[in-house]
Every structure is written in C-alpha cells, then in structure tokens.
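This report concerns only the one structure given below.
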Amino acid sequence: MFSFKNIFRLVALLEGVSYLLLLFIATPVKYYGNDPQYVKLLGMPHGLLFIAYVAMASMLKKDLNWNQRTFIVVLLASVIPFGTFYVDKKFLNSKK
C-alpha cells in the first residue's frame, strides 16, 4: 500500500534522475552538439517533479517531525546533483 511518504520517495527518485539526465546528458548535447531537443524534452517533466518535490516536502515536514535544519537540507538537496538520493537514504528510508 502506498503512503504519502512512499509517493514522496518516488517523486524524489524521479526528480533526482530527471535532474541528472538534464545536467549530464541533455545540457552537454545542447551546447556541444547544438541540439536543444533533449533539454526541451526533459525540462518540463523535471520542472514539474521539482515543484512536486518541494510541495510534498512542505506537506510532510510536520508528519515526519523534521526540524527547520532538516527541512532546509531536504529542500537544498533538490538543487544538488544526487541530493534527492541522499534525502531518501538519510531521512525517508527508515522503517517507521
């Protein structure tokens, strides 16, 4: 059964993967291959996943008893490559 926390974990995973694809595949292809197609293709889904990640983190803050520092780390992780994977392992992967 899916809980809101598990849905957030899925969104965090997808957001992290889309960010890595955008940074390390689509952007180099755009600038070194003169082909912006992949940035256009991945940009909108990544943006929607980013917004969903931030909104869901805000909603889960109270349920998961995150203090202000933890909440800021969770939000900052969304703009750092591999950051959402760290959040999943550190703050979401508990058996609670």
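Residues: numbered from 1 along the sequence shown. No experiment lies behind these values; they were computed from the predicted model shown.
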**Complete:** One should read off an interatomic distance between Ile51 CD1 and Met56 CE, to the nearest 0.5 angstrom, of 13.5 Å
**Request:** Test Phe8 against Met59 for side chain to side chain contact (heavy atoms under 4.5 Å, CB included), laying out the working first.
**Result:** CA-CA 10 Å; Phe8 179 63; Met59 289 187 268; over 6 Å; no
**Asked** Hey, quick one: are Ile25 and Leu20 part of the same hydrophobic cluster, counting side-chain heavy atoms closer than 4.5 Å, chains of contacts allowed?
**Response** yes
**Prompt:** To the nearest 0.5 Å, what is the distance between CG (Leu10) and CG (Asn6)?
**Reply:** 9.0 Å
**Asked** In the single-linkage hydrophobic clustering (I, L, V, M, F, W, Y; side-chain heavy atoms under 4.5 Å), do Phe91 and Ile7 co-cluster?
**Response** yes
**Item:** Test log, rule side chain to side chain contact (heavy atoms under 4.5 Å, CB included), inputs Val17 and Phe85
**Value:** CA-CA 9 Å; Val17 169; Phe85 307 121; 4.1 Å; yes
**Request:** Would you check if Val87 and Leu92 make a side-chain contact, meaning some heavy-atom pair closer than 4.5 Å?
**Result:** yes
With a 3.5 Å cut-off and sequence neighbours excluded, list the donor-acceptor pairs that the side chains of residues 63-81 form with protein atoms.
residue : atom : partner : partner atom : Å
Asn67   : OD1  : Arg69   : N            : 3.2
Asn67   : OD1  : Thr70   : N            : 2.7
Asn67   : OD1  : Thr70   : OG1          : 3.0
Gln68   : OE1  : Lys61   : NZ           : 2.9
Ser78   : OG   : Leu75   : O            : 2.6

**Message:** Please list all pairs meeting side-chain hydrogen bond (donor to acceptor under 3.5 Å, both in side chains) that have one or both residues in residues 18-36, counting only residues at least two apart or in different chains.
**Reply:** Ser18-His46
**Message:** Starting from Leu21, can I reach Leu14 by hopping between I/L/V/M/F/W/Y residues whose side chains sit under 4.5 Å apart?
**Reply:** no
**Request:** Report yes or no: do Leu49 and Leu23 belong to one cluster of Ile/Leu/Val/Met/Phe/Trp/Tyr joined by side chain heavy-atom distances under 4.5 Å?
**Result:** no
**Message:** Can you list everything that forms a side-chain contact (heavy atoms from CB on, under 4.5 Å) with Ala26? Sequence neighbours excluded, please.
**Reply:** Leu22, Tyr38, Val39, Leu42
**Message:** Quick test of your reading: applying salt bridge (charged side-chain N to carboxylate O under 4.0 Å, His left out), list the pairs with at least one residue in residues 9-28, sequence neighbours left out, ordered by first then second residue.
**Reply:** Arg9-Asp88
